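Here is the structure we will look at, set down as structure tokens.
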Amino acid sequence: MTENTVEFGGQQLTRGDLLYEGKAKQVFATNDPSIIWMHYMDQVTALNGKVKEEYSGKGELNSSISNLLFTYLSNQGLQHHWLGSISATDELVKKVDIIPLEVVTRNYTAGHFVSRFGVEPMQQLSPRVQELYYKSDELDDPFMNDSQAVSLHFASEADLKTVYGLADQVNELLVALFNKIDITLIDYKLEFGRLADGQIILADELSPDNMRLVDQKTGKSLDKDVFRQKQGDLRVGYQDVLQRLQDALK
Ligand code: 5GP
């Protein structure tokens with residue numbers, strides 16, 4: 001691989017235009033219209049980008065964790081956009097039209113669920129909670145209910161049923177995996193997209209940037225809450241998560 005080209009699945013792929021820059025990732029076109037090139041950045045943000053810092057190596061940690069989790073999900077039969085890793089910080093994914101909804105699953109109370117409803121943190125939620133947010137930086141990702149999402153034509157009722165079903169499959173698989181490595185999966189955000197033929201699949205990334213993970217033995221956060229709450233270097237927890245996943249999945 002040179003910086004901008006890579007041999008993948010028997011074809012030469014070249015990185016093209018920057019399509020989108022998020023808070024922690026850059027998304028590029030390639031010469032194959034069905035394939036997207038994603039680059040994980042070292043930047044970390046909180047409060048929807050209002051607080052920003054660089055942590056060298058963070059992109060690599062997130063890319064490695066995400067790659068392991070997507071590989072685990074495919075081994076369990078779940079379809080998603082991830083195709084393969086091409087460097088420590090870059091990966092190829094299937095081109096999808098992202099549905100502009102953030103799908104949050106909560107297994108325990110934390111974060112906005114605690115501030116919104118005045119409940120104690122770390123209470124198990126049974127059944128798990130599923131929430132939708134409208135993906136909009138300008139509007140700070142407002143909460144959105146199903147009928148709003150359907151009425152605004154972001155997704156049909158059938159699409160939402162698919163999305164919630166996939167989110168539940170992901171939840172079952174991830175909770176089981178994290179439990180094996182003594183980590184509680186508190187909550188997390190997923191995104192979904194549509195392939196050219198309309199099929200809805202899991203997209204985006206799976207990393208401690210968009211999950212809350214708590215060490216079952218120490219009660220310590222191993223995710224972006226360490227940065228949000230100014231508790232130190234978030235890379236320590238991310239490295240710990242990566243190491244445990246590598247050991248469990250090898
Ligand atoms: P909360 O609603 O409590 O802030 O977040 C719930 C979960 O979803 C947390 O694990 C959080 O990391 C994730 N999450 C919610 N919104 C976003 C977002 O816009 N970006 C990222 N990276 N994660 C999010």
Side-chain angles (χ1 to χ4, degrees), residues 20-27 38-55 58-59 61-63 65-66 69-70 81-82 93 98-125 128-145 149 154 163-164 166-168 170-171 174-175 177-178 183-193 202-215 219-231 234-235 237-238 241:
Y20 169 79
E21 181 162 327
K23 290 183 279 256
K25 282 194 302 291
Q26 289 172 319
V27 174
M38 285 204 337
H39 171 70
Y40 285 77
M41 298 188 286
D42 286 338
Q43 180 170 287
V44 56
T45 66
L47 299 174
N48 210 10
K50 290 174 198 85
V51 185
K52 218 181 259 185
E53 237 173 273
E54 287 278 314
Y55 280 92
K58 202 266 301 184
L61 287 166
N62 272 358
S63 176
I65 292 169
S66 203
L69 292 177
F70 275 120
H81 75 154
W82 186 80
V93 299
I98 290 285
I99 299 173
L101 295 170
E102 298 191 342
V103 182
V104 169
T105 301
R106 299 181 190 271
N107 295 307
Y108 285 80
T109 56
H112 282 109
F113 195 88
V114 166
S115 54
R116 192 172 294 129
F117 300 118
V119 292
E120 286 296 310
M122 291 299 288
Q123 304 302 303
Q124 188 162 14
L125 289 161
R128 79 320 163 240
V129 168
Q130 293 182 316
E131 296 171 352
L132 293 183
Y133 293 83
Y134 173 36
K135 199 171 142 56
S136 163
D137 285 343
E138 277 163 41
L139 300 173
D140 272 347
D141 300 341
F143 190 82
M144 178 167 267
N145 71 22
F154 293 154
V163 160
Y164 286 133
L166 289 170
D168 264 344
V170 172
N171 196 45
L174 290 187
V175 164
L177 175 63
F178 281 114
I183 291 175
T184 301
L185 177 59
I186 304 291
D187 59 24
Y188 55 99
K189 182 258 300 183
L190 299 177
E191 293 183 24
F192 294 86
L202 179 64
D204 196 43
E205 72 180 86
L206 297 170
S207 80
D209 267 13
N210 37 28
M211 300 177 171
R212 287 196 173 92
L213 300 168
V214 169
D215 187 327
K220 283 200 173 141
S221 289
L222 303 171
D223 58 71
K224 205 167 92 172
D225 268 1
V226 171
F227 174 73
R228 292 189 189 100
Q229 294 166 9
K230 301 191 172 64
Q231 290 171 345
L234 85 177
R235 290 170 297 193
Y238 285 38
V241 172

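Since the model is a prediction, treat every value here as computed from it, not as a measurement. Just so you know, ligand 1 is whichever comes first in the structure, and atom 1 is the first atom listed for that ligand.
With sequence neighbours left out, F143 forms a ring-ring contact (aromatic ring centres under 6.0 Å, His included) with Y133. Evaluation of the side chain to side chain donor-acceptor pair (under 3.5 Å) rule for K52 yields no partner, not counting sequence neighbours. Residues satisfying the side chain to side chain donor-acceptor pair (under 3.5 Å) criterion with E102, sequence neighbours excluded, are absent altogether.
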L125 and T109: CA distance, side-chain angles, deciding distance, side-chain contact (heavy atoms from CB on, under 4.5 Å) verdict: CA-CA 7 Å; L125 289 161; T109 56; 3.9 Å; yes
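Remark: K50 NZ is packed, more than 12 non-hydrogen atoms of other residues, nucleotides or ligands lying under 6.0 Å away.
Taking the six-membered ring for Trp and thresholds of 30 and 60 degrees, F227 and Y55 have ring planes more than 60 degrees apart, a perpendicular arrangement.
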Are there any protein N or O atoms under 3.5 Å from the N or O atoms of ligand 1? List them with distances, or say none.
unit_1   : atom_1 : unit_2 : atom_2 : d
ligand 1 : 2 (O)  : R106   : NH2    : 2.7
ligand 1 : 2 (O)  : H112   : ND1    : 3.4
ligand 1 : 3 (O)  : R106   : NH1    : 3.1
ligand 1 : 3 (O)  : H112   : N      : 2.8
ligand 1 : 3 (O)  : R212   : NH1    : 3.0
ligand 1 : 4 (O)  : H112   : ND1    : 2.6
ligand 1 : 10 (O) : D187   : O      : 3.3
ligand 1 : 10 (O) : D187   : OD1    : 2.7
ligand 1 : 10 (O) : R212   : N      : 3.4
ligand 1 : 12 (O) : R228   : NH2    : 3.0
ligand 1 : 16 (N) : E102   : OE1    : 3.4
ligand 1 : 19 (O) : E102   : OE1    : 3.3
ligand 1 : 19 (O) : E102   : OE2    : 3.4
ligand 1 : 19 (O) : D141   : OD2    : 3.0
ligand 1 : 22 (N) : D209   : O      : 3.2

